[in-house]
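Count residues from 1 along the sequence.
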Amino acid sequence: MPMSRAEIATESGARVMNRLCKHWAHKLEVEQGEVESRVTFADGSCVMRIEPGRLLVAIEALEEESLDRLEGVVDSHLQRMAGDEELVIVWEN
């Protein structure tokens with residue numbers, strides 16, 4: 001299964017992750033924890049983990065095309081949930 005990871009420098013990781021989980025819980029399967037959360041999409045999943053000064057994000061997809069799409073979806077939603085803070089997100093495959 002194709003996978004991408006991003007290490008995002010932010011002091012707001014917990015807030016961003018929690019807001020995103022609540023946003024997606026209305027239509028997707030979400031397992032929300034204090035330090036780590038998982039969101040399950042039809043064609044893959046996203047795991048977010050809070051560490052001091054950063055948010056780690058891993059996406060796993062059924063195929064490469066789905067991975068590219070999920071990177072865009074997760075990226076845009078993380079940016080939206082961050083509010084005024086601009087996140088620098090670089091995906092590594």
Side-chain angles (χ1 to χ4, degrees):
M1 289 177 91
M3 178 180 265
S4 279
R5 291 188 171 93
E7 185 177 305
I8 305 162
T10 179
E11 295 298 329
S12 307
R15 181 180 60 82
V16 172
M17 182 182 77
N18 291 330
R19 287 184 73 193
L20 189 51
C21 286
K22 287 178 185 174
H23 173 76
W24 274 334
H26 299 288
K27 57 185 172 183
L28 299 168
E29 181 183 331
V30 174
E31 299 170 37
Q32 187 173 0
E34 287 186 30
V35 177
E36 186 172 294
S37 296
R38 173 183 291 274
V39 180
T40 304
F41 299 91
D43 52 355
S45 64
C46 171
V47 176
M48 295 171 281
R49 181 172 182 78
I50 302 162
E51 291 191 355
R54 63 188 183 166
L55 177 63
L56 304 178
V57 182
I59 300 173
E60 192 172 64
L62 298 176
E63 55 191 38
E64 198 67 42
E65 185 177 287
S66 298
L67 182 64
D68 292 340
R69 186 186 69 76
L70 288 175
E71 284 177 358
V73 168
V74 173
D75 190 306
S76 66
H77 280 77
L78 285 169
Q79 296 290 358
R80 192 177 328 154
M81 296 303 139
D84 291 341
E85 179 183 7
E86 187 171 335
L87 302 177
V88 177
I89 303 172
V90 178
W91 296 105
E92 299 175 4
N93 297 335

Asp75 CG to Arg80 CZ distance, which is reported to the nearest 0.5 Å: 11.5 Å
Give a yes or no on this: more than 12 heavy atoms of other residues, nucleotides or ligands lie within 6.0 Å of atom CD of Glu63. yes
Look up atom CG in Leu67 and atom CG in Asp43, then write down how far apart they are to the nearest 0.5 Å. 9.5 Å
For the atom pair CE (Met17) and CD (Glu36), what is the distance rounded to the nearest 0.5 Å? 8.5 Å
Less than 4.0 Å between a side-chain N and a carboxylate O, is that true for Glu92 and Arg5? no
Connected via hydrophobic side-chain network under 4.5 Å: Leu87 and Leu70: yes
Can you confirm whether the side chains of Glu85 and Ser12 place a donor and an acceptor under 3.5 Å from each other? yes
Just checking, any donor-acceptor pair under 3.5 angstrom between side chains of Thr10 and Arg54? no
How long is the span from the CG atom in Leu28 to the SG atom in Cys46, to the nearest 0.5 Å? 10.5 Å
Plane angle bin for Phe41 and Trp24 - parallel if under 30°, tilted between 30 and 60°, otherwise perpendicular: perpendicular
His77 vs His23 side-chain heavy atoms within contact, under 4.5 Å: yes
Could you tell me the separation between the CZ atom of Arg38 and the CD atom of Glu31, rounded to the nearest 0.5 Å? 6.5 Å
Against Ile89, only a single residue in Val57, Ile8, Val74 fulfils side-chain contact (heavy atoms from CB on, under 4.5 Å); can you say which? Ile8
Give, for atom CG of Leu20 and atom NZ of Lys22, the distance between the pair rounded to the nearest 0.5 Å. 12.0 Å
Answer with yes or no whether the hydrophobic clustering places Leu62 together with Trp91; edges join I, L, V, M, F, W, Y residues whose side-chain heavy atoms lie under 4.5 Å apart. no
Taking atom types as modelled and ignoring hydrogens, do the side chains of Ser4 and Glu71 form a donor-acceptor contact shorter than 3.5 angstrom? yes
With clusters defined by side-chain heavy atoms of hydrophobic residues (ILVMFWY) lying less than 4.5 Å apart, directly or transitively, does Val73 cluster with Val30? yes
Contact check, side chains of Cys21 and Met48, non-hydrogen atoms, under 4.5 Å: yes
Passes side-chain contact (heavy atoms from CB on, under 4.5 Å), Glu51 versus Arg49? Steps please. CA-CA 7 Å; Glu51 291 191 355; Arg49 181 172 182 78; 4.0 Å; yes
Any side-chain to backbone donor/acceptor pair from Ser37 onto Gly33? Under 3.5 Å, distance only. yes
side-chain contact (heavy atoms from CB on, under 4.5 Å) test vs Ile50 passes for just one of Leu55, Leu56, Val16, namely Leu55
